[in-house]
Structure formats: structure tokens, C-alpha cells
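Below is one structure, written out as C-alpha cells, with a few remarks after it.
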There are 4 protein chains.
Amino acid sequence: MRALIKHHAGPGLRFVSDRPRPIPGPRDVLIRVKKVGICGTDRHIWEWDEWAAGRIPVGIVTGHEFVGVIEAVGSAVTNYRPGLRVSAEGHTTAWKDYNSRTGSAHIASDTKIIGIDRDGCFAEYVCVPEENVWPVHASIPDRVAAVLDPLGNAVHTVMAAGVSAKSVLVTGTGIIGLMAVTVARAAGAGRIFATDIDPRRRALAKRLGAVEAFDPRDGGWIEEVRRACRGEGADVLLEMSGAASALNQGFEALRNGGVAALLGIFKKPEPFDFNRLVIFKGCTVLGVNGRKMFETWYQMEELLLSGRLELDDIITHEFALEEFEKAHQTMIRGEGIKVVMDVG
Amino acid sequence: MRALIKHHAGPGLRFVSDRPRPIPGPRDVLIRVKKVGICGTDRHIWEWDEWAAGRIPVGIVTGHEFVGVIEAVGSAVTNYRPGLRVSAEGHTTAWKDYNSRTGSAHIASDTKIIGIDRDGCFAEYVCVPEENVWPVHASIPDRVAAVLDPLGNAVHTVMAAGVSAKSVLVTGTGIIGLMAVTVARAAGAGRIFATDIDPRRRALAKRLGAVEAFDPRDGGWIEEVRRACRGEGADVLLEMSGAASALNQGFEALRNGGVAALLGIFKKPEPFDFNRLVIFKGCTVLGVNGRKMFETWYQMEELLLSGRLELDDIITHEFALEEFEKAHQTMIRGEGIKVVMDVG
Amino acid sequence: MRALIKHHAGPGLRFVSDRPRPIPGPRDVLIRVKKVGICGTDRHIWEWDEWAAGRIPVGIVTGHEFVGVIEAVGSAVTNYRPGLRVSAEGHTTAWKDYNSRTGSAHIASDTKIIGIDRDGCFAEYVCVPEENVWPVHASIPDRVAAVLDPLGNAVHTVMAAGVSAKSVLVTGTGIIGLMAVTVARAAGAGRIFATDIDPRRRALAKRLGAVEAFDPRDGGWIEEVRRACRGEGADVLLEMSGAASALNQGFEALRNGGVAALLGIFKKPEPFDFNRLVIFKGCTVLGVNGRKMFETWYQMEELLLSGRLELDDIITHEFALEEFEKAHQTMIRGEGIKVVMDVG
Amino acid sequence: MRALIKHHAGPGLRFVSDRPRPIPGPRDVLIRVKKVGICGTDRHIWEWDEWAAGRIPVGIVTGHEFVGVIEAVGSAVTNYRPGLRVSAEGHTTAWKDYNSRTGSAHIASDTKIIGIDRDGCFAEYVCVPEENVWPVHASIPDRVAAVLDPLGNAVHTVMAAGVSAKSVLVTGTGIIGLMAVTVARAAGAGRIFATDIDPRRRALAKRLGAVEAFDPRDGGWIEEVRRACRGEGADVLLEMSGAASALNQGFEALRNGGVAALLGIFKKPEPFDFNRLVIFKGCTVLGVNGRKMFETWYQMEELLLSGRLELDDIITHEFALEEFEKAHQTMIRGEGIKVVMDVG
């Protein structure tokens with residue numbers, strides 16, 4: 001089959017057309033891939049940074065965001081049949097620890113990820129365990145269904161924090177941050193404030209529902225948010241930037257007793273004033289990782305069915321799988337936001 | 001001052017123009033009333049039904065929904081000054097029991113209500129304890145500010161149930177039910193289904209955001225809701241009708257593990273199948289009364305500031321206080337939905 | 001193998017010694033049974049009441065509470081090996097609906113129960129799906145491990161209601177009610193009040209930690225509970241009796257804003273005053289069914305490891321499997337509380 | 001009256017016998033003090049460290065933990081009368097911001113504290129606002145009632161984290177940490193693990209209910225906690241030490257998805273690895289400050305009434321007010337744990 005593989009311990013991917021089609025184990029489902037999304041993680045794999053070099057096995061098929069159609073099922077699979085249009089959760093687990101047995105498999109202690117620890121979806125076919133399959137509602141188009149995984153990050157962050165009837169501050173409007181703006185609005189946030197150093201991202205954040213988008217380097221924006229929120233601060237902080245300055249500023253702008261959900265990954269541990277920013281304020285801080293398996297997926301479906309998610313400005317480019325170099329570069333250079341590749 | 005009083009133990013109210021202006025106690029605030037709303041409770045008082053005859057002291061000024069401006073404050077009042085535009089929570093308490101000391105004063109054991117147990121707001125001036133005052137945000141117009149109390153019932157019900165990214169069924173779209181539809185939508189509900197026997201109310205429910213509005217007497221609607229919700233049922237039930245049939249049907253249409261918030265008051269105790277509708281389903285049932293003091297008020301303000309609440313189709317009529325008879329009849333006959341009277 | 005089977009559509013069970021040993025499917029685990037518990041449900045099956053006649057397939061092996069040792073595993077089983085001492089959750093599901101995919105499989109829409117819908121554990125061997133297996137901690141003795149299923153009902157009810165630092169009323173101290181008393185105490189309840197018409201059960205409830213146990217037919221007990229609780233009422237109601245009178249009295253004794261968890265099954269739908277008992281009080285009512293899969297099991301293990309659960313007075317009798325008639329009668333006649341049978 | 005005052009901008013306090021008795025304002029309550037507790041904060045005030053020098057007005061009466069009897073009430077006070085035995089919440093607020101109007105006044109933005117920002121309770125009489133009064137249950141002795149404030153810190157931390165049926169790690173067993181051990185046990189924790197560098201504190205932690213108490217400087221204890229907790233880690237972390245190393249180690253020992261409640265105050269901001277310790281683990285971090293007004297007080301009363309709190313080993317010394325020097329030194333030198341002074 002056709003596939004993109006991490007062919008060497010260095011930058012780039014290689015397109016091959018003779019990769020053997022994966023054979024599903026007894027509890028696996030084989031899926032014929034239609035469309036895939038390129039994730040920020042795929043950028044790290046492409047660029048072969050320190051993290052990628054330490055984690056990614058050379059030779060694997062990359063990619064973990066996709067939609068496709070079930071082609072075949074393993075002998076012990078009971079819930080699915082060929083022909084069903086599906087996406088899948090990319091995190092796999094043996095379902096035997098506390099979190100995976102209590103509704104929080106997304107933080108299982110034995111998590112592996114397709115396209116990172118094992119073959120992924122940048123290929124004509126991909127195999128996933130039966131438990132990971134997500135049937136896609138008929139009303140959701142393929143280009144959206146291809147990016148449910150990253151959209152799920154945004155939904156999980158927004159829903160973990162709880163934004164309904166609350167004022168919300170989003171620090172960092174990269175791909176997930178922008179998704180978080182439209183998700184927060186659809187999920188019932190009151191006023192949404194955003195920060196980003198990129199003026200185009202700020203403009204887009206406002207188009208997606210933010211009442212104001214600030215350049216975090218400008219003095220005074222924290223005070224402006226606090227003033228808009230009774231002089232006390234925003235109810236909720238969604239930290240999407242991974243910048244220590246944004247973390248500190250975000251907590252400054254949060255009211256006492258506020259909730260902060262952290263999704264952005266920080267470059268390195270920085271000094272953090274727990275006393276002033278968390279303890280004296282009585283704040284709640286939530287670490288957010290992946291998507292709840294599968295509560296987030298149900299929430300995401302309901303939000304999509306409500307018709308209130310605005311993804312047209314976020315899914316900006318679509319390429320053929322063979323144009324993978326251009327597709328990756330469009331994303332890496334920041335020309336596009338979410339980039340999708342057509343496989344089938 | 002001018003006022004509407006319950007002048008005798010029978011139907012109707014009387015307009016008087018020589019009612020003495022109330023004198024605030026040391027911890028009270030005197031408010032000059034601008035606009036008032038007529039509540040379903042005011043209908044009971046007008047018609048002098050069994051409940052009203054047993055509760056309402058003859059001679060009081062009625063009414064509990066209003067907006068006005070602070071005219072004077074008692075000697076021990078510290079937080080407010082004359083000139084501030086305010087509404088007020090109509091439930092008063094001595095703030096000494098468990099619920100009033102832990103953020104749930106709306107269900108205090110010693111609750112009194114203005115316009116029901118003591119003089120209310122259908123008058124040029126009304127007195128309330130300092131703790132009950134709610135400063136109204138400058139961007140909220142008087143006609144909306146006059147009905148924050150009933151809107152708060154809807155907000156409390158919606159927020160207690162938790163509708164964000166969930167499918168919601170509203171049984172009964174009277175005044176509060178209709179408000180609940182637009183509130184649920186603004187607060188992040190996914191698809192909203194509604195039921196009502198009145199076709200105009202159903203049409204209005206759809207205009208306010210319901211994807212479907214059913215006549216509950218038609219067979220098959222329960223199955224239709226369940227089918228739309230994966231064959232399992234809606235995530236949330238908001239019971240707004242006070243009809244036993246709606247309660248039973250609502251639970252039928254609710255999925256296992258769903259949440260039902262009950263606001264509608266039932267005529268009398270009816271047989272209820274706890275086994276099948278609550279216990280085996282693992283459902284959660286929430287009794288909803290009044291509005292949280294003051295969490296609901298903050299949530300309501302944030303939803304109003306988001307610009308997503310649609311109240312223009314709900315606040316249908318406005319009369320002068322002197323036209324009180326016409327105003328009450330418009331509401332009682334169902335010609336209007338929410339009826340407001342201008343006082344000042 | 002030896003087994004107890006429901007041999008005909010009428011009262012009693014039959015002991016057989018030539019039942020074929022079950023053969024595990026690819027995802028099943030075969031367990032050699034050591035000890036089993038007799039459930040209230042087994043009484044219904046024994047007596048062949050209306051419910052049993054409508055649900056139980058004649059010919060099945062009954063029983064669903066047990067501890068044993070894994071004998072063999074199916075070809076697609078990955079998490080377990082022969083030799084492990086285990087109990088198992090008796091509710092099976094295909095893990096494909098909302099609740100089973102979000103941590104609430106105990107209320108899945110497709111639930112089947114071993115010993116009720118398919119062969120159970122009153123036998124030398126029993127088969128369960130891999131997902132249902134619960135490894136038993138080494139410090140938990142077999143006689144306790146045999147009754148984790150009903151203990152789990154009590155733990156689920158107590159934990160759903162949330163009793164930590166709260167006053168708790170338990171109405172009905174049958175097997176699960178008595179377990180709930182010791183579980184509530186271990187789980188951090190403040191004062192526990194209990195009601196039962198049986199004086200021996202009341203005495204036992206006090207031995208297990210209730211500060212007071214009332215005969216519900218005595219006037220004045222509701223007032224006594226309310227008075228002990230600041231004149232407001234208990235924080236939490238655990239309804240374990242299935243008696244409509246207990247339900248009503250329990251809500252009377254509950255404070256405004258209290259939480260009621262309902263586990264007892266009612267004989268038939270009775271009139272219930274939602275207005276006065278739930279809506280005006282702002283109460284929360286929780287339907288409780290089975291045990292959370294598997295949050296309850298983890299909580300139960302932690303409580304057992306704390307050493308604070310007192311089960312010696314609850315597990316009163318132990319018989320050989322061949323003494324099944326005497327074992328069942330001891331339980332049915334109320335001579336014993338929890339009755340265990342030795343199989344292996 | 002007799003009183004201890006901060007007589008100069010330097011170490012120590014001065015005993016005076018001619019301090020004028022405070023005069024209650026219209027909404028204040030005047031309390032004749034019986035017993036007081038010495039807080040860790042009082043040590044800072046005694047030693048006049050940087051924090052004290054920047055915050056404490058020279059000349060005030062210090063102390064904020066006490067029990068006494070109401071002597072007189074202001075003209076606008078309605079809920080209390082002279083003769084009632086009471087303690088009081090030491091944090092005052094104007095009750096006008098979000099948190100104070102929604103049940104979280106302990107994190108109001110305008111908080112003042114008696115004995116820190118205004119005259120406190122190390123005196124024959126103290127004045128507090130009516131809202132701050134807490135009537136003490138008759139069954140609670142004065143020496144316990146004198147220390148409800150610090151006990152409330154422990155109760156708030158334990159209850160915020162939620163310990164019922166969970167494994168709990170307490171890092172740091174100073175006064176509040178030791179209280180947290182007995183509170184956690186009474187509130188339903190499963191196994192409790194503790195760390196402290198002081199062997200006497202470790203021994204006391206075990207006497208109060210910890211299954212194991214580790215010296216955090218010993219290698220291997222983190223692994224030991226994780227191993228005891230299924231190899232995954234403890235469910236809950238209560239950080240009571242204010243040491244950065246304890247914070248880091250505590251998160252290491254916490255399972256994915258665990259909850260950490262932070263009460264200890266850190267000397268200065270230190271680098272913290274949010275990625276590894278919070279985000280990837282999906283943990284929840286709670287800043288804990290003071291005590292909930294007044295949910296914590298109700299919880300504390302219920303725990304005290306349960307008879308399961310063991311405070312005899314914690315309240316170690318009792319002195320007369322005149323022995324204030326010895327009392328403070330006993331606490332500062334670590335000879336005693338909780339030191340109480342008799343005033344009346």
C-alpha cells in the first residue's frame with residue numbers, strides 16, 4: 001500500500017507505495033483511510049527534534065488523525081463490521097489500570113499512540129484495537145472527521161475547565177487554541193478573551209467568537225481583562241501556549257477561585273509562584289492530556305451536531321497524500337492552520 | 001406613593017396612590033422602582049386560588065420582579081449608595097442556617113419572599129435587605145433587568161442540570177420553559193428538544209433554538225428523541241410543565257445515567273415508578289427552587305453579556321402600572337408571554 | 001462438574017454433579033470457584049416469584065457473587081493468566097454504548113448478569129469476559145472476597161451520595177443496609193442514624209456504627225433526627241428498604257439541599273410529593289444500580305485495606321455447596337444475614 | 001482589659017492590663033474570650049520576620065484562634081444574643097464580591113484577618129462582625145473549640161481534595177499536617193502515608209492513623225508508596241510542608257489523574273515541571289487557603305461529633321495568658337504542637 005514512513009533518523013518523511021498492508025490481530029479493526037490531519041506532533045517528527053529522536057522508532061508509518069472506512073475486523077471483534085465510516089482514538093491501552101477501568105483511559109499508565117509508538121494512519125490502511133474505534137455521525141463531513149483527534153484536545157480542555165456561563169481567557173491561539181475559542185463559545189462560555197503574539201491569529205480568534213484578542217507583550221491587557229470581569233478576573237483560564245510568561249499572566253488575570261486548564265507543553269521547568277498564583281487565590285489547576293476516552297468524543301459529536309462549531313477558518317488546506325512535503329511545509333511555515341491530506 | 005395592593009381576600013388587585021413610602025431599617029435599601037415583571041405567582045395572587053388564600057396577607061403590595069434605582073440606604077448599610085441601578089433577589093433570609101451560610105441561601109429554611117410575605121415591588125418604592133441587592137450591569141436594558149428573577153429560575157435550572165455539550169429535552173414551554181430554551185442554547189447545550197401542547201409555544205421554542213418541538217399527545221415523539229440520541233435517550237431533562245405525564249415521558253426519553261432537573265410544580269402527588277425511571281436507569285434528579293444566591297445571578301449576567309440570550313420574543317408586552325388590569329389579563333389569558341409594567 | 005441449577009419453572013434449585021464445565025470463548029476467562037455468596041436475588045430465583053419467572057431461563061446455573069482462581073483463559077485474553085485469585089463483576093456488556101464507554105458500564109443499555117441471564121457461579125467453574133475480572137488483593141480473605149458484589153452495592157450507594165463529614169440516615173438495614181452502615185462509617189460519615197422494624201437489625205446497626213437506630217413505626221423519630229441535625233435534617237439519605245413509607249419519611253428527615261441515594265426496589269409505584277420533598281427542598285435524588293465498573297471496586301479495596309470495614313457480624317453463616325438447601329433457607333428465614341457457600 | 005499587644009516593630013509581644021475594651025459597631029458582636037490558640041502565624045508576628053514587618057500594624061492585639069462567650073451585640077445584630085458560647089471565623093469581608101456572594105468568602109478579594117489587620121483575640125474581649133460568629137456545639141470542649149480555626153485549615157484541605165475511600169499522602173506533619181492525618185482518617189481516607197524529617201512527628205502521624213511515615217530524605221519511599229498503590233501511586237496528595245522538594249516528590253508519588261491539595265506556603269518560587277507532574281499525568285491541583293465560610297465549619301462540627309478526631313496528642317500544652325512568653329516559646333521551639341492559653 002501507499003504510505004508515509006519515517007525512513008531515517010533525520011528530518012522528513014518518505015513516500016512509499018509498497019508498504020505491506022497491516023494484518024489485524026483478533027481484537028483489531030483494519031481501516032481503509034480516507035483523509036488524515038497533520039498534527040503539531042507530526043511537525044516534531046518531520047523535523048526530528050530531540051523529543052522525536054528519543055521516542056519515534058525509525059521505519060514506522062506516521063500520523064494519528066484520520067477518518068476512514070472499516071475494511072476488515074479481527075476474529076474476536078464483535079461490535080463493528082466492514083463498511084462503517086469511522087475515526088479512532090489514537091491512544092491505546094491494555095485496559096487494566098485504575099484510569100482505564102474508571103473512564104479515564106486517556107491517562108492510562110501504559111498508553112501507546114498510533115503513528116508514534118506503532119504504525120499510524122498516513123497510509124492507505126491502518127489497524128487499531130476495537131475499543132479505539134469511533135463511528136462517525138453521518139452529518140459530519142470527512143474533512144472534519146479527519147481532525148476529531150485535535151479537536152478533541154480542545155473539547156477536553158474546555159469541558160474539563162467548565163466554561164458554561166463563565167468568562168474565559170485563552171492564552172495562545174495556535175491550532176488547538178483557535179479550536180478552543182470556537183469550542184468554548186459553542187459549549188456556553190460567556191465572554192472569551194484571547195492572547196497571541198500573531199496578529200492574524202488574534203484576528204481569527206475574534207472571528208471565532210473572542211470579544212477581545214490581546215498581544216500579550218502589550219502592557220495593560222491583564223488589567224483590561226480584570227476590569228471587564230468586575231475587577232476580579234476571568235472565571236476560567238485555558239493555557240494553550242506552553243509559554244511560561246503566558247502561564248504567569250494567565251493566572252494574574254484569573255479571579256480568586258478560578259479554574260485553569262493547562263494543555264500547552266512548556267519548554268522547560270520555570271519558577272512558578274504557587275503561593276500567590278494558586279494557594280492564596282484558592283485556584284484549581286487541571287492538567288489536560290489527550291481526550292477522555294470516550295466522554296470527550298460524545299461531547300464533540302453533540303457540539304458538532306449543534307451546528308455551532310466554526311471550523312471552516314481553521315481547516316485551511318487540503319492536499320493529496322503524495323503532496324505530503326508541501327502539506328507538511330504549509331503547516332510548519334504557519335501558512336495554514338489545520339492541514340488535511342487525502343489518502344483514498 | 002402609587003402601588004398595587006391586594007385589597008381583599010378575593011380576585012384582583014387595587015391601585016392606590018396614597019400608600020406610605022416604606023422606611024428602610026438599618027440594614028435595608030430603599031429602591032425607586034422603574035419597571036416590574038408579572039410572574040406566574042402574581043397570577044395566583046390575582047386569581048386568589050387556594051395557595052394564595054393560604055399564604056398572602058391581605059393588604060400587602062404585590063410583585064417581586066423589578067429594576068430600579070437606590071433612593072436611600074439604612075444606617076448600617078455599607079456596600080451601596082443612592083443612585084445605583086439595581087435589581088434584587090426577592091427571597092430574604094436571616095443568613096443563619098446551613099444553606100444560607102454555605103452558598104445556597106435560595107433554599108434557606110426561613111425564606112420569606114417580597115410581594116408574597118411582605119410588601120413587594122408593584123409600587124414606586126420597595127425595601128429590601130442590603131444582602132439582596134443586585135447591581136445591574138450598564139449594558140442590560142431596563143426591560144430585561146426587570147425580569148432577572150424569572151430568568152434566574154431558568155438559568156438555575158439549566159446550570160444545575162449542566163447542559164454544556166449535552167442533548168437536552170425541555171418538557172413544557174411556558175414562560176420559564178421558553179426562557180430555558182434560549183438559556184440552554186446560550187449555556188452550551190447541543191441539540192434541544194421541547195414539548196408543549198400549544199402550537200404557538202412550540203413554534204417559539206424552535207425559533208429560540210430547539211431543533212424539534214413536539215406535541216406530547218402525539219405518539220412516537222419519545223422514540224424520536226431516543227433515536228436522535230443514539231437510541232439511548234437525551235442527556236438532560238428540564239421539567240418545566242408540572243404535568244405528571246410530562247414527568248413520566250421525560251424520564252422515558254432520558255438516557256441511563258441522565259440528569260433531570262425539576263422546576264415545574266405538580267398539582268398533586270401522583271404515582272411515580274422510581275424503580276424503572278430512576279433507580280435502574282441510574283439517573284440523577286434535581287429539585288430546583290428559586291435561583292442560587294448569588295451564583296445564578298453571576299451566571300445570568302455573563303450569559304447576558306455574551307449577547308446570546310434571545311429575550312425579545314419572550315418579553316412581549318409593556319404597560320403602565322396604572323394599566324395593571326390589562327397587564328395582568330394579557331398574561332393570564334396567554335396573549336403575552338412575559339408582561340412588564342412601567343412604574344417610574 | 002458440580003453445580004446448582006434452576007431445574008424447573010418453580011421453587012428451589014437442584015444439585016447436579018455432571019454439569020459440563022464451561023468452555024471459555026476467545027475473550028473469556030474460566031474461573032475455578034472457591035466460595036460464593038447468596039444474594040437477595042437468589043432468594044427470588046429460589047422462590048420463583050413473578051420477576052424470576054419472567055427473567056430466569058430454566059436450566060441455568062445460578063449465583064453471581066464469588067471468589068475463585070483463574071483456571072484458563074481464552075485465546076484473545078491478554079491481561080490475566082491461570083493461577084490468579086479473582087472475583088468478578090457480574091454485569092456484562094458489549095462496551096459499545098455511552099455509559100459503558102464513559103466509565104458507567106454498570107448502567108449500560110445491554111447489561112446481562114451472570115447467574116440470571118447466563119450461567120452463574122454456584123458451580124465448580126464459571127466463565128466471565130476478561131473485562132469483568134477483578135484481581136483480589138492478597139490481604140482480603142476468601143469469605144469477604146466472595147461477597148464483594150453486594151458489598152459493592154453498599155459502597156456504590158454510599159460513595160454516590162458522598163458521606164464524608166456528613167450526617168447520614170440509612171432507612172432499612174437489611175443486608176445491604178447493614179453493609180452501608182459500616183461502609184458509611186469507614187468512608188467518613190459523621191453521625192449515622194438508621195431505621196428498621198427488626199430490633200435485631202437495629203441493634204446490629206448500632207454495633208456497626210449508627211449513633212441511633214429507630215423503629216420507623218414510632219412517632220417522633222423524624223423530629224429526633226432533625227433536632228440532632230441543627231433542626232434542619234440529615235445531610236444524606238441512603239434508602240435501602242424499598243418501602244414507600246421509608247422513602248417519604250426519609251425525605252422528611254433530610255435537610256433542604258440534602259442528597260438521597262435510592263437503592264431499595266419498591267413493590268409498586270406509589271404517589272410521591274415531588275413538590276414538597278424534592279423541589280421546594282432543592283434536594284438531589286440519585287438512582288443507584290449495581291456497582292460502578294470499576295470505580296466502586298477500587299474504592300471497596302481501599303476501604304477494605306483501611307481495616308475499618310466490620311463485616312464479621314454481617315457474614316454470619318458458611319455452608320458447603322451441597323448444603324445449598326439449608327444455606328438458602330437460613331438466608332430466606334432471616335436467621336443469617338450474609339450466607340456463604342464453599343465450593344472448592 | 002488584659003491583652004497581648006505588638007508593642008513595637010521588633011520581636012516579642014507585651015502584656016498590658018489597661019487596654020480599652022473594644023466597642024462593637026452596629027453589626028458587630030463583642031465576645032468575652034475564654035481560651036485562645038497560638039498559630040504558626042503568631043510565631044511570625046512574635047519573631048517579626050519580613051512578612052510580619054510588612055503586614056502587622058504596630059499596636060494591635062494579636063491572636064485569631066479562640067473560644068468565648070458573647071458579651072454584647074451591636075444595634076443591628078439579629079441572630080445572636082449575649083451568653084452564647086462561640087468561636088469565630090477570623091477572615092472578614094464586606095460580602096460584596098463574587099466569592100463572598102457564592103459560598104467562598106474565604107477567598108474574597110477584600111479579606112482582612114483579626115489579630116493581623118485589626119485587633120485580635122489575645123485579650124479579654126474581641127469584636128467580630130455578626131457574620132463571622134460560629135456557635136460552638138455543647139459537646140465540644142473549650143480547648144478544642146479554641147483551635148477550630150487551624151483545625152479548619154486541615155478540614156478544608158482534606159475535604160477539598162476528597163479523601164473518602166482513597167489512598168492519601170500527607171507531605172509534612174507540622175501542626176496542620178498532623179491534624180490533616182486524623183481528619184483524613186475520620187473523613188474516610190483509606191490508607192494514609194505521611195512524610196516528615198522529624199522522627200517524633202512521624203511517630204505521632206502513625207499514632208494518628210498513618211499506615212506508614214517516611215523520612216523524605218530516604219531514597220525509595222516514593223517507590224514504596226507507588227508499589228502499595230498498585231504501582232500507580234496515591235490517589236491524593238495533601239502538601240503541608242511548603243518545601244519544594246516535598247512538592248516534587250509528592251507529585252511523583254501521585255497516580256495519573258490524582259488530586260493534590262496545596263496548603264503549605266513556599267519560601268520562594270522554584271522551578272516546577274508542569275509537563276511531567278501535572279499535564280501528562282492529568283492531575284488536579286487545588287490551592288487551599290483558610291477555611292470555607294462556612295462549609296468547612298459545618299464539616300468540622302460533624303467530624304467532631306462523630307468522635308473520631310484524635311486531638312489529645314495534638315493540643316499538647318495549656319498556659320495562662322500571663323505566661324504568654326513561655327507559651328510562645330514552647331510552640332516556637334517545637335516542644336509543643338498546639339499550644340493553648342487560658343484567658344478568662
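Within every chain, numbering begins at 1; the chains are lettered A, B, ... in the order of the sequence lines, protein sequences first and strands thereafter.
- Here the side chains of A:Val285 and D:Thr284 are not in contact, with every heavy-atom distance at 4.5 Å or above.
- Note: D:Leu286 CG to A:Cys283 SG = 10.5 Å, rounded to the nearest 0.5 Å.
- Across all non-hydrogen atoms, the minimal contact from A:Pro269 to D:Pro271 is O-CB, 4.0 Å.
- To the nearest 0.5 angstrom, A:Lys281 atom NZ is 12.0 Å from D:Asn289 atom CG.
- Separation of atoms CG (D:Leu247) and CZ (A:Phe272) is listed at 10.5 Å; rounding is to 0.5 Å.
- Heavy-atom pairs under 4.5 Å with chain A were tallied for D:Thr111, D:Leu263, D:Val288; the largest tally goes to D:Val288.
- Side chain of A:Asn256 to backbone of D:Asn99: no donor-acceptor contact under 3.5 angstrom is found.
- Between chain A and the residues D:Asp273, D:Ile107, D:Val278, the most heavy-atom pairs under 4.5 angstrom are made by D:Ile107.
- A:Ala108 touches chain D through its backbone: at least one of N, CA, C or O sits under 4.5 Å from a heavy atom, while the side chain does not.
- Using a 4.5 Å cut-off between heavy atoms, A:Ser104 does not touch chain D at all.
- Heavy-atom distances place the side chain of A:Arg255, and not its backbone, under 4.5 Å from chain D.
- By the 30° and 60° cut-offs, the orientation of the rings of A:Phe266 relative to D:Phe274 is tilted.
- Proximity to chain D (any heavy atom under 4.5 Å) is restricted, for A:Glu270, to the backbone atoms N, CA, C and O.
- Between atom CD1 of residue D:Ile279 and atom CD1 of residue A:Ile265 there is a gap of 4.5 Å, rounded to the nearest 0.5 Å.
- Checked by atom type and distance alone, the side chain of A:Glu232 pairs as donor or acceptor with a backbone atom of D:Tyr98 at under 3.5 Å.
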